[in-house]
Amino acid sequence: MKEDRRKKLAKKLGIILDEEGRSVLNMKVGDDSSFLSPFYFDRPLISDEAASYLSSHKAILLWKPGVHINIISDSISEEDEPIYRTAVKGYFAQEAIRWERAQRRNYILSAVLFLIGVAVFALMFTLDHYLGGALGMWSEVIDVVAWVFIWEAVDVAFIEKLENSYNVRMAHNLINSRIEFKPISKPDDGKNRIGPYQLNSLSGLA
């Protein structure tokens, strides 16, 4: 029953599923010269351009059962396939670490902002108690400042947390993804090319 609901949802979203229920992302690479980054430390990584292209398909990458990536190219040799596979996973392993650190920083930042807002409110009530109406319009100014800090804390704690959670989930799905390499089965006449990468996520392989 649960699997049937997932299939219906995938069909509604235009997502292809493989035999294991993973979402399928078909990426055609016409020219692999810019697929790998020229800068790396101990292991190759994909370029920012290739990573941005993959990351832009959030509906596919956020699929809970996982992701199956088909890299379709005639320019990637069999000997290079493990390098490209490692480069994809390595890049997003670094991204996962970066977003997880951002999540931890946001927890601290939201707590600090909330405490500042509470402190400003406490200051306002203290001054109002001792000075009464002498504060005048400054009472409203302090009130606004306090609410700004509190709403900023809410924004960081919930809205940005949600976005970071999605990014972490996408990164982990890519780290654990099944990556296969397939040849281009039909010659590309160049009419439908979009830069060096061409993604077909809404239809099966030709």
Side-chain angles (χ1 to χ4, degrees), residues 1-32 34-36 44-100 103 159 161-206:
M1 181 73 82
K2 188 175 181 180
E3 187 174 345
D4 290 339
R5 288 200 300 269
R6 280 181 178 168
K7 287 181 179 179
K8 288 180 181 178
L9 178 60
K11 186 176 181 180
K12 185 177 180 180
L13 295 174
I15 296 175
I16 302 170
L17 302 181
D18 66 6
E19 66 279 359
E20 297 176 352
R22 296 171 182 255
S23 61
V24 177
L25 191 158
N26 295 327
M27 183 179 187
K28 183 181 288 185
V29 181
D31 177 10
D32 69 328
S34 61
F35 192 86
L36 295 179
L45 301 172
I46 61 173
S47 65
D48 289 337
E49 183 184 5
S52 175
Y53 199 84
L54 288 170
S55 300
S56 65
H57 298 84
K58 293 187 177 182
I60 297 174
L61 300 180
L62 286 171
W63 192 250
K64 192 172 182 180
V67 181
H68 179 166
I69 301 174
N70 289 318
I71 298 179
I72 308 166
S73 178
D74 288 334
S75 59
I76 301 174
S77 67
E78 189 174 342
E79 292 77 18
D80 287 337
E81 289 178 6
I83 298 174
Y84 280 65
R85 186 178 289 111
T86 300
V88 172
K89 293 174 180 280
Y91 182 95
F92 287 100
Q94 291 187 357
E95 287 295 284
I97 293 172
R98 184 169 71 87
W99 287 113
E100 286 166 354
Q103 279 186 318
I159 300 175
K161 177 181 180 295
L162 183 62
E163 183 179 351
N164 284 340
S165 297
Y166 284 154
N167 288 326
V168 169
R169 182 172 166 184
M170 283 197 303
H172 280 290
N173 273 355
L174 283 160
I175 294 167
N176 299 317
S177 64
R178 177 181 175 183
I179 301 177
E180 293 185 323
F181 296 84
K182 299 177 182 287
I184 298 175
S185 55
K186 290 184 179 180
D188 186 0
D189 59 7
K191 291 181 180 179
N192 298 317
R193 184 171 296 176
I194 306 174
Y197 311 118
Q198 184 177 17
L199 177 72
N200 179 5
S201 60
L202 303 182
S203 62
L205 293 177

Leu9 side chain reached by Trp63 side chain, heavy atoms, under 4.5 Å: yes
For Pro183 and Ile72, which heavy atoms make the closest approach, and how far apart are they? O-CG2, 3.5 Å
Going from CG on Leu13 to CD1 on Ile60, what distance comes out if it is rounded to the nearest 0.5 angstrom? 10.0 Å
Could you check whether any side-chain heavy atom of Met27 comes within less than 4.5 Å of a side-chain heavy atom of Leu54, counting everything from C-beta outward? yes
Mind checking the CG-NE2 spacing from Leu25 to His57? Nearest 0.5 Å is all I need. 6.5 Å
Do you know the tightest heavy-atom contact between Gly21 and Pro65? O-CB, 3.5 Å
Kindly indicate whether the side chain of Ile76, heavy atoms from C-beta on, has any atom under 4.5 Å from the side chain of Phe35. no
Note: Ser177 and Ile179 closest approach over all heavy atoms is OG-CG1, 3.5 Å
Check whether any side-chain heavy atom of Arg6 lies under 4.5 Å from a side-chain heavy atom of Lys64, and answer yes or no. yes
Distance from Glu180 atom CD to Ile71 atom CD1, nearest 0.5 Å? 10.5 Å
pair Tyr84-Val29: side-chain heavy atoms closer than 4.5 Å: no
Which heavy atom in Ile175 sits nearest to a heavy atom in Ala96, and how many Å separate them? CD1-CB, 4.0 Å
Answer yes or no: are there more than 12 heavy-atom neighbours, outside Lys161 itself, under 6.0 Å from its atom NZ? no
Non-hydrogen side-chain atoms of Phe92 and Asn173 separated by less than 4.5 Å: no
How long is the straight-line distance from OG of Ser75 back to CG of Asp80, given to the nearest 0.5 Å? 9.5 Å
Rounded distance [0.5 Å steps], OG in Ser23 versus CD1 in Ile15: 6.0 Å
Taking atom types as modelled, find out whether His68 and Glu19 have a side-chain donor-acceptor pair closer than 3.5 angstrom. no
Do the non-hydrogen side-chain atoms of Arg178 and Asp18 ever get within less than 4.5 Å of each other? yes
I want to check something: taking the side chain as every heavy atom from C-beta on, are His172 and Arg169 in contact at a cut-off of under 4.5 Å? no
Show your working on side chain to side chain contact (heavy atoms under 4.5 Å, CB included) between Leu17 and Lys7 and close with a plain yes or no. CA-CA 8 Å; Leu17 302 181; Lys7 287 181 179 179; 4.2 Å; yes
Checking the side chain of Ser56 only, and the main-chain atoms of Tyr53 only, is there a donor and an acceptor separated by less than 3.5 Å? yes
Looking only at heavy atoms, the pair that brings Lys89 and Leu174 closest together is CG-O, 3.9 Å
Any chance CD of Glu20 has more than 12 other-residue heavy atoms, nucleotides or ligands included, within less than 6.0 Å? yes
Enter the distance from Asn167:CG to Ser55:OG here, rounded to the nearest 0.5 Å. 8.0 Å
Do you know which two heavy atoms are closest between Lys28 and Ile184, and how far apart they sit? CG-CD1, 4.1 Å
Applying ring-ring contact (aromatic ring centres under 6.0 Å, His included), name anything that partners Phe181, two or more places apart in sequence or on another chain. none
